[in-house]
Amino acid sequence: MTQLAGIDFHAPSQEVARQLIGVVLLVDGVGGRIVETEAYDRDDPASHSFSGPSERNLAMFGPPGHAYVYRSYGIHWCLNFVCRDNGHGAGVLIRALEPLAGIGVMRERRALDDVRLLCSGPGKLCQALGVTRAHNALPLDAPPFALSPPGDPVVVVAGPRIGISKAMDVPWRFGLAGSRFVSKPFR
DNA sequence: GCGGCGATTTTCT
DNA sequence: GAAAATCGCCGCA
């Protein structure tokens with residue numbers, strides 16, 4: 001698989017991260033429009049793949065267009081899309097989306113009413129969509145995943161990544177311009 | 001509206 | 001044994 005929702009997952013992670021903004025992501029019919037992503041690459045000290053393959057990050061070195069799910073701070077799950085050529089070890093972290101489908105289900109899972117806060121962060125997003133370790137290494141072109149291209153033209157903004165302690169100078173965080181559903185505003 | 005801190009578990013040194 | 005691609009609660013302004 002190379003093309004999905006108009007995106008070439010063999011491209012560098014920064015490019016894929018930019019292209020993913022505006023794409024609609026559904027997991028078992030629940031999801032919405034991706035409004036925030038971050039790129040991680042093999043030659044990137046902040047990336048899980050920086051030190052080579054391991055038990056946790058193995059999916060990052062698998063085929064592009066698949067999911068990489070890991071446990072964050074022992075509490076949350078975080079969802080990545082694997083990209084670049086097979087074996088390169090690059091991925092895109094899905095950080096936030098604008099809820100469109102299955103909002104009632106998301107509210108139940110998050111025990112929260114405010115639509116704006118349902119998916120405004122990588123951990124929140126996985127809780128709302130029901131993403132867990134069970135989704136690790138699954139292909140994105142088959143159920144429970146579903147991707148569809150943006151309906152409208154998209155304006156993308158970029159900035160430094162969030163929550164890391166290395167390579168904080170590279171602007172590899174991407175967002176939908178003006179979106180109120182991002183985890184933190186862009187400036 | 002902001003900044004500080006604890007929770008919890010996997011991973012790597 | 002420390003650190004981690006986070007979150008939500010608390011105190012204070």
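Just so it is clear, the structure is predicted and the values come from calculations on it, not from any experiment. Quick note on labels: first sequence line is chain A, next is B, and so on, each numbered from 1. Scope of the values below: all heavy atoms of this structure, side chains included, with no hydrogens, waters or symmetry mates.
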Inset, instruction - Spell out, as yes or no, whether a donor-acceptor pair under 3.5 Å connects the side chain of A:S49 to the backbone of A:G89. - result: yes
Legend entry - Dot-bracket line, read 5' to 3' along DNA chain B, where crossing pairs take [ ] and | marks a partner on another strand, Watson-Crick or G-U under 3.5 Å: |||||||.||||.
Legend entry - Distance-minimising heavy-atom pair for A:L140 and A:F145: O-CB, 3.6 Å
Inset, instruction - Can you see which heavy atom on A:Y68 is nearest to which on A:H48, and at what distance? - result: OH-ND1, 2.9 Å
Inset, instruction - Return yes if some donor-acceptor pair links the side-chain N/O of A:E36 with the main-chain N/O of A:S183 below 3.5 Å, else return no. - result: yes
Inset, instruction - Identify the 5'-most and 3'-most nucleotides of DNA chain C with at least one atom closer than 4.0 Å to a non-hydrogen atom of chain A. - result: C:dA4 to C:dG8
Inset, instruction - Remember a base hit wins even if backbone is also touched, and classify A:S165 as base, sugar-phosphate or nothing at under 4.0 Å, heavy atoms. - result: sugar-phosphate
Legend entry - Check: A:V30 main-chain N/O paired with A:D28 side-chain donor or acceptor under 3.5 Å: no
Legend entry - Closest approach of A:R42 to A:F50 (non-hydrogen atoms, all atoms of both residues): O-CD1, 3.3 Å
Inset, instruction - Tell me what A:R161 touches on the nucleic acid: a base, only sugar-phosphate, or nothing, going by heavy atoms under 4.0 Å. - result: nothing
Legend entry - Which residue lies more 5' along DNA chain C, comparing A:Y70 with A:Q127 via nearest heavy atoms: A:Y70
Inset, instruction - Just call it for A:S54: base, sugar-phosphate, or nothing, with non-hydrogen atoms closer than 4.0 Å on any strand. - result: sugar-phosphate
Inset, instruction - Check whether NZ of the Lys or CZ of the Arg A:R84 lies under 6.0 Å from the centre of the six-membered ring of A:F9 and within 45 degrees of that ring's axis. - result: no
Inset, instruction - Would you kindly compare A:I75 and A:R133 by the position of their nearest DNA chain B nucleotide and give the one closer to the 5′ end? - result: A:I75
Inset, instruction - Determine the contact category for A:M168: base if any of its heavy atoms lies under 4.0 Å from a base atom, sugar-phosphate if only primed atoms, P, OP1 or OP2 are that close, otherwise nothing. - result: nothing
Inset, instruction - Using atom types as modelled and distance alone, determine if a side-chain donor or acceptor of A:T37 lies under 3.5 Å from a backbone N or O of A:A17. - result: yes
Inset, instruction - Could you check whether A:R110 gets within reach of a base, just the sugar-phosphate, or nothing at all, counting any heavy atom under 4.0 Å? - result: sugar-phosphate
